[in-house]
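A short write-up of the structure that comes next.
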Amino acid sequence: MMSLRSLLLGVTRVKELSILLVTIAAGIYFTATSDAFNSLDNYQTIAQYVAPWAIIAAGQVMLLICGEIDLSAGFVFTLAPFMLTLFFVNGWPLWLALLGAIVVSTLVGLVNGLIRTLLNIPSFITTLGMAFLLQGLVLIISNARPVGAPKDSWVVDVFGGSRWTEFLWAAGAVVVMQVVLSATRFGVHTQATGGNPVGAAESGIPVNRVKVVNFAITSTLAGLAGILQGTRVGSYDPTNGGFTTMFFAVASAVIGGTALLGGSGTVVGAFLGALLLGIVFDGFNLTGVSANAFNVVLGAAILVAMVLNVTLIVVRKRAGSRELT
């Protein structure tokens, strides 16, 4: 009996357990209801849905753990490909143009972070203003028209042009950011900043610096995701990204167990959240369910995920108190 109890308590401590089980259940369901679900081409379709959400979510998790959020990430996603194009048509080598676009993305995050920390303006307001600013900038740069992505270069092949490269970048970003979060001093500082900012500051943690760096990370990943997706598709669209992509990334993080009030979360959980959304979205398309129903499922998934996460936190606390006694 004790061994069974210990096993159950150990299982409840796995933060990603609930979302993992739901993701597996969704995969089984659509496998049973659609013959086309289990095919290599369909797996690639799911991967194309998941990749940008997972990459941006990897940064949003770090910010949410800090108790912050970046509403402008979806517009950095839109801006970065057009900055690449702008640099490229002005004579920069393609690899340098890509690097320049990533640097611009990082600078957007730094500006967000500095405004948030130096002026003490809430990140919701700061990044909302930045979102509209970037949206207008993209429309000016692009003349509100799509442009073709560069072709015939190793840079294109590595950054989205070859099959599965976008998803491989997403997997790499998830692994790197999870290691940063769980196995580095910066990750510990990030969790402390969101869990108890006053205590973290009093213990010597540079709270503001941690937040600024995480804003920069989020924007950098958003810019990378925008370049990868646009290159894969073959064109850069000024209407792509925006609030829709940003909210899917945040939804992935929340469904994956990241607390909106800060202090806890995992990048792997956010990846599973993005995977669940991708499976459901793809499954609905295959089974002929109206796309309007997806928003219902998305809203229900967020609410259920929050209830499960709160319940698991209570169970863990009770289990910990019993072990102490």
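For the single chain, residues carry numbers from 1 onward in sequence order. Hydrogens, waters and symmetry mates are skipped; everything else that's a heavy atom, side chains included, is used.
For the pair Ala225 and Ile55, the tightest heavy-atom approach, listed with the atom from each and the gap, is CB-CG2, 3.9 Å. The shortest heavy-atom contact between Arg116 and Pro122 is CD-C, 3.9 Å. Minimum heavy-atom separation, Gly74 to Met246: N-CB, 3.8 Å. When all heavy atoms of Ala253 and Leu64 are compared, the pair lying nearest together is CB-CD1, 3.9 Å. Taking both residues in full, the closest heavy atoms of Thr78 and Gly241 are given as OG1-CA, 3.7 Å, listed atom of the first, atom of the second, then distance. Across Ser252 and Trp53, no two heavy atoms sit closer than the pair OG-CB, 4.1 Å.
Note: Trp169 and Phe159 have parallel aromatic rings, judged against thresholds of 30 and 60 degrees for the angle between ring planes. Ring pair Phe167/Trp164 is perpendicular by interplanar angle, where above 60° counts as perpendicular and below 30° as parallel.
Side-chain atoms of Ile227 and Phe77, non-hydrogen and from C-beta on, never get closer than 4.5 Å to each other. A 4.5 Å side-chain heavy-atom check between Thr266 and Thr258 finds every atom pair outside the cut-off. Under the 4.5 Å side-chain criterion, counting only non-hydrogen atoms from C-beta, Trp154 is in contact with Val158. A 4.5 Å side-chain heavy-atom check between Val108 and Phe75 finds every atom pair outside the cut-off. Put simply, the side chain of Leu277 does not reach to within 4.5 Å of the side chain of Tyr49, judged on heavy atoms.
Of the possible polar contacts, none joining the Thr127 side chain to the Asp70 backbone as a donor-acceptor pair under 3.5 Å is found. Between the side chain of Ser203 and the backbone N or O of Ala200 there is at least one donor-acceptor pair closer than 3.5 Å. In terms of modelled atom types and a separation under 3.5 Å, the side chain of Ser162 and the main chain of Asp157 share a donor-acceptor contact. Distance alone, capped at 3.5 Å, is enough to place a donor-acceptor pair between the Asn42 side chain and the Phe37 backbone.
Tested against Phe30 for a side chain to side chain contact (heavy atoms under 4.5 Å, CB included), the candidates Leu286, Ile279, Asp282 yield a single pass: Ile279.
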- Task: Tell me, with the steps shown, if Leu224 and Ser105 meet side chain to side chain contact (heavy atoms under 4.5 Å, CB included).
- Result: CA-CA 8 Å; Leu224 173 63; Ser105 302; over 6 Å; no
- Taking it one step at a time, do Ser72 and Asn112 satisfy side-chain hydrogen bond (donor to acceptor under 3.5 Å, both in side chains)? CA-CA 9 Å; Ser72 68; Asn112 283 334; 3.1 Å; yes
- Run the salt bridge (charged side-chain N to carboxylate O under 4.0 Å, His left out) check on Asp41 and Arg163 step by step: do they pass? CA-CA 11 Å; Asp41 287 340; Arg163 196 176 192 186; 3.0 Å; yes
Under 3.5 Å donor-acceptor pairs involving side-chain atoms of residues 129-153, not counting sequence neighbours:
| residue | atom | partner | partner atom | Å |
| --- | --- | --- | --- | --- |
| Ser142 | OG | Val138 | O | 2.7 |
| Ser142 | OG | Ala144 | N | 3.1 |
| Ser153 | OG | Val155 | N | 3.1 |

Table please: side-chain donor-acceptor pairs of residues 204-217 below 3.5 Å, with sequence neighbours left out.
| residue | atom | partner | partner atom | Å |
| --- | --- | --- | --- | --- |
| Lys211 | NZ | Glu68 | OE2 | 2.8 |
| Asn214 | ND2 | Thr190 | OG1 | 3.3 |
| Asn214 | ND2 | Val210 | O | 3.2 |

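Cluster annotation: Val175 and Val268 are assigned to distinct hydrophobic clusters (Ile/Leu/Val/Met/Phe/Trp/Tyr, side-chain heavy-atom contacts under 4.5 Å, transitive).
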